[in-house]
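Below: the structure, in structure tokens.
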Amino acid sequence: MYRILKIELPNFHYFYSKNPYSGSLGGFRFRLEPGDGQLKAIAWPGPNCMEATDPALLRTEEFALTEEGLETAGEWLTSQCEEWTYKGV
């Protein structure tokens with residue numbers, strides 16, 4: 001079976017206004033935190049919230065706080081989701 005996953009995110013202005021965003025897709029959890037010209041993406045396997053998850057399971061990556069950076073962050077989150085989904089994590 002071939003599946004295509006896509007993480008959908010709010011528009012750039014939402015993050016430019018310094019709003020954090022979290023979401024999930026199946027057993028995959030994520031959070032985006034804007035600050036200091038950067039957009040920090042955090043991904044982890046569910047079912048727990050980020051604070052209740054073993055820190056060793058958290059994956060983080062930083063992107064420029066730009067429209068292109070947001071697009072790249074969405075692609076990174078999608079790849080993390082696909083990796084965990086196909087591994088059965």
Side-chain angles (χ1 to χ4, degrees):
M1 174 191 270
Y2 182 70
R3 298 183 340 197
I4 297 175
L5 303 174
K6 172 100 169 117
I7 301 292
E8 295 186 21
L9 301 172
N11 65 32
F12 173 70
H13 184 71
Y14 179 89
F15 296 103
Y16 186 74
S17 298
K18 301 185 192 283
N19 295 305
Y21 181 78
S22 60
S24 64
L25 184 60
F28 175 74
R29 309 288 187 260
F30 66 92
R31 181 172 173 86
L32 289 168
E33 301 173 345
D36 297 326
Q38 297 290 311
L39 186 61
K40 182 178 182 180
I42 309 161
W44 67 95
N48 297 324
C49 65
M50 183 175 73
E51 294 79 9
T53 299
D54 179 351
L57 296 175
L58 301 177
R59 294 184 184 173
T60 62
E61 191 73 36
E62 290 194 1
F63 304 91
L65 186 55
T66 62
E67 296 215 18
E68 294 79 16
L70 177 58
E71 184 176 332
T72 304
E75 292 168 358
W76 181 80
L77 287 171
T78 297
S79 72
Q80 297 302 300
C81 181
E82 288 173 342
E83 181 179 331
W84 277 330
T85 298
Y86 295 136
K87 281 171 115 177
V89 174

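Sequence positions, counted from 1, serve as the residue numbers for this chain.
To the nearest 0.5 Å, atoms CG (L25) and CD (Q80) are separated by 13.5 Å. In this structure, CZ in R59 is found 11.5 Å from CG in L77, a value given to the nearest 0.5 Å. Distance check, rounded to the nearest 0.5 Å: CG of L32 to CG of L65 gives 10.5 Å. Between the CZ atom of F30 and the OG1 atom of T78 there is a distance of 8.5 Å, given to the nearest 0.5 Å.
The closest donor-acceptor contact from the side chain of T60 to the backbone of I42 lies at 3.5 Å or more, if one exists at all.
Residues satisfying the side-chain contact (heavy atoms from CB on, under 4.5 Å) criterion with E61, sequence neighbours excluded, are F63, W76.
The two residues N11 and L70 make their nearest non-hydrogen contact at C-CD2, 3.9 Å.
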Sequence neighbours excluded and cut-off under 3.5 Å, please list the side-chain donor-acceptor pairs for residues 43-57, or say none.
unit_1 : atom_1 : unit_2 : atom_2 : d
W44    : NE1    : N48    : O      : 2.9
T53    : OG1    : C49    : O      : 2.8
D54    : OD1    : A56    : N      : 3.0

Contacts under 3.5 angstrom, residues 14-23 side chains, donor-acceptor by atom type, not counting sequence neighbours:
unit_1 : atom_1 : unit_2 : atom_2 : d
Y14    : OH     : P20    : O      : 2.9
S17    : OG     : H13    : O      : 3.0
S17    : OG     : H13    : NE2    : 3.4
N19    : ND2    : Y14    : O      : 3.0

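For residues 26-48, every residue pair satisfying the salt bridge (Lys or Arg N to Asp or Glu O under 4.0 Å) rule, not counting sequence neighbours, is listed here: R31-E33.
Between E75 and E71 there is a side-chain heavy-atom pair separated by less than 4.5 Å.
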